[in-house]
2 protein chains.
Amino acid sequence: MTAPSRIERLCIDRGMKMTGQRRTIARVLSESEDHPNVDDVYKRASKIDSKISIATVYRTVRLLEESNILDKHDFGDGSARYEEATDSHHDHLIDIQSGEVIEFHNEEIEALQRKITEQYGMTLVGHRLELFGVQKDKKK
Amino acid sequence: MTAPSRIERLCIDRGMKMTGQRRTIARVLSESEDHPNVDDVYKRASKIDSKISIATVYRTVRLLEESNILDKHDFGDGSARYEEATDSHHDHLIDIQSGEVIEFHNEEIEALQRKITEQYGMTLVGHRLELFGVQKDKKK
DNA sequence: GTAGATGCAAAACCTTTGCTGTGAT
DNA sequence: ATCACAGCAAAGGTTTTGCATCTAC
């Protein structure tokens, strides 16, 4: 029996029933360093447990997202992408030629977003920022 | 025969074949002040021409988007939302309680986005920024 | 033992497409 | 007369769900 993954530990903390499938999915997500979609997670999990069902993956990532263990993103291809939520917020810069996703954080932009929202008499509760770019040298 | 809508004029300028359906859809979009999805456009167009097909609406908005006459957005509900493209770029602030969408433009944020992209050796070619907020008085 | 999770297949969405007939230029 | 367009229905991709079975607690 393997040591519990970081996400598995979070699930236990939240009192979720830890089935074998959830443990597998938790491990896959904990070990992922990219932004997989459900099908990616399903494929990676299937290598560990070939009998896992994609419906379970869908149900589990939804649960994890609702528990704020995962962040859900939409990078413009048809499917939702997931990553482990971290305390440090970041946004994404997507290389539209290679598909590579760079994470960045910029406090100036964060502050401006709050300021703009306040100007309309509102309080910022969330945002979505994605930058799409091309490599400078490849451009010419 | 009604006067051509702003979008119809743009279509004619680009040499598009102007069918009755396209004229109807162009008119609906020109008169919309919100960010309708395809189904909204279809419903509004159906009031003018009840025989219009939703496939035609899909094909037409895609065409208009590719011609830069429409901007396409994703506000996180499952469907794409459209609005007439304007020369002045803007982003969106969404009231998550009422669903109201406020348009804003902030050159400081735009400049920061370009700066960040440059820092990674890239050139910004597009972005997506949505702020989600709640009314201040409603919050407490 | 029981509430909740899984697997499977069906269905729900949104969107695209093949085909045939129609209409704009 | 062309050639592109419209309508319809079927199919595509992603995600959800009903139901019977199973499993963690």
Side-chain angles (χ1 to χ4, degrees), chain A residues 1-2 4 7-29 35-43 45-46 48-67 69-70 72-82, chain B residues 1 4 7-29 35-46 48-67 69-70 72-82:
Chain A
M1 170 166 177
T2 336
I7 289 178
E8 180 181 349
R9 210 179 298 278
L10 290 169
C11 292
I12 294 166
D13 291 351
R14 279 157 228 235
M16 290 172 56
K17 190 188 275 193
M18 287 316 292
T19 62
Q21 292 89 331
R22 284 195 183 162
R23 230 186 305 277
T24 301
I25 293 166
R27 189 176 132 199
V28 163
L29 287 165
H35 303 76
N37 62 22
V38 166
D39 200 57
D40 296 327
V41 176
Y42 172 60
K43 285 196 189 104
S46 297
I48 303 170
D49 171 4
S50 62
K51 301 183 296 307
I52 215 159
S53 140
I54 198 165
T56 299
V57 180
Y58 271 105
R59 283 191 268 237
T60 305
V61 294
R62 183 162 41 148
L63 211 62
L64 293 174
E65 196 219 334
E66 286 166 356
S67 308
I69 294 173
L70 289 185
K72 181 180 186 175
H73 302 289
D74 167 24
F75 292 160
D77 62 337
S79 61
R81 314 276 224 95
Y82 294 89
Chain B
M1 171 165 181
I7 289 179
E8 180 181 349
R9 210 178 299 276
L10 291 169
C11 291
I12 294 166
D13 291 350
R14 283 155 167 84
M16 290 171 55
K17 190 187 273 191
M18 288 315 292
T19 62
Q21 292 89 330
R22 284 193 182 162
R23 230 186 305 275
T24 300
I25 294 166
R27 187 176 135 199
V28 163
L29 287 165
H35 303 76
N37 63 23
V38 166
D39 200 56
D40 295 328
V41 176
Y42 172 60
K43 286 198 189 103
R44 294 174 199 177
S46 298
I48 303 172
D49 171 5
S50 63
K51 301 182 295 308
I52 216 159
S53 139
I54 198 166
T56 299
V57 180
Y58 271 104
R59 283 191 267 237
T60 305
V61 294
R62 181 160 43 145
L63 211 63
L64 293 174
E65 197 218 335
E66 286 166 356
S67 308
I69 293 173
L70 289 185
K72 180 181 186 174
H73 301 290
D74 167 24
F75 292 161
D77 63 335
S79 62
R81 314 275 223 97
Y82 295 88

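Lettering of chains follows the sequences in order, A, B, ..., and the numbering in each one begins at 1. The shown structure was predicted, so the numbers you read here are calculated from the model rather than taken from an experiment.
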Could you give the distance from CE (B:Met16) to CG (B:Leu64), rounded to the nearest 0.5 Å?
5.0 Å
Under 4.0 Å between a side-chain N/O of A:Ser53 and OP1 or OP2 of C:dC8, yes or no?
no
Judged by nearest nucleotide, the residue sitting upstream toward the 5' end of DNA chain C, B:Lys72 or A:Asp49, is A:Asp49
Side chain of A:Arg59, base of C:dG7: donor and acceptor closer than 3.5 Å?
yes
Quickly work out the A:Asp40 CG to D:dT14 C1' distance and round it to whole Å.
13 Å
Hits for salt bridge (Lys or Arg N to Asp or Glu O under 4.0 Å) against B:Arg62, two or more places apart or cross-chain, chain-then-number order -> none
Please check the phosphate of C:dT17 (OP1 and OP2 only) for any side-chain N or O of B:Arg62 closer than 4.0 Å.
yes
In whole angstrom, what separates B:Asn37's CG from C:dC13's C1'?
12 Å
Nearest-nucleotide 5' precedence on DNA chain D, B:Lys51 against A:Ala80
B:Lys51
Rounded off to whole Å, could you give me the CG-to-C1' distance for the A:Asp39 and D:dG12 pair?
15 Å
Contacts under 3.5 Å, N or O only, protein and nucleotides 23-25 of chain D:
from   : atom 1 : to      : atom 2 : distance (Å)
D:dC25 : OP1    : A:Met18 : N      : 3.4

d(CD, A:Glu65; C1', D:dT15) in whole Å
13 Å
Take the protein atom CG of B:Asp74 and the nucleotide atom C1' of C:dC13, then report the distance between them rounded to whole Å.
14 Å
To the nearest 0.5 Å, what is the distance between CZ on A:Phe75 and CG on A:Asn37?
11.0 Å
Nearest-neighbour nucleotide for the B:Tyr58 side chain, D:dA6, C:dC14, C:dA5 considered:
C:dC14
Rounding to a whole Å, what distance do you find between B:Glu66:CD and C:dT16:P?
9 Å
Find the distance A:Gln21:CD to D:dC22:P and express it as a whole number of Å.
13 Å
Main chain of B:Ile69, side chain of B:Ser67: is a donor-acceptor contact present, judged purely on distance under 3.5 Å?
no
Quick one: A:Tyr42 OH to D:dT14 P, roughly how many Å, whole number?
14 Å
At 4.0 Å (heavy atoms only), tell me whether A:Ile54 reaches a base, stays on the sugar-phosphate, or touches nothing.
nothing
Gap separating the CG atom of B:Leu29 from the CG atom of B:Asp40, nearest 0.5 angstrom:
10.5 Å
For a quick test of reading the model, state the closest non-hydrogen atom pair linking A:Arg9 to A:Pro4 and the distance between them.
NH2-O, 3.7 Å
Would you say B:Arg44 and B:Pro36 make side-chain contact, with heavy atoms under 4.5 Å?
yes
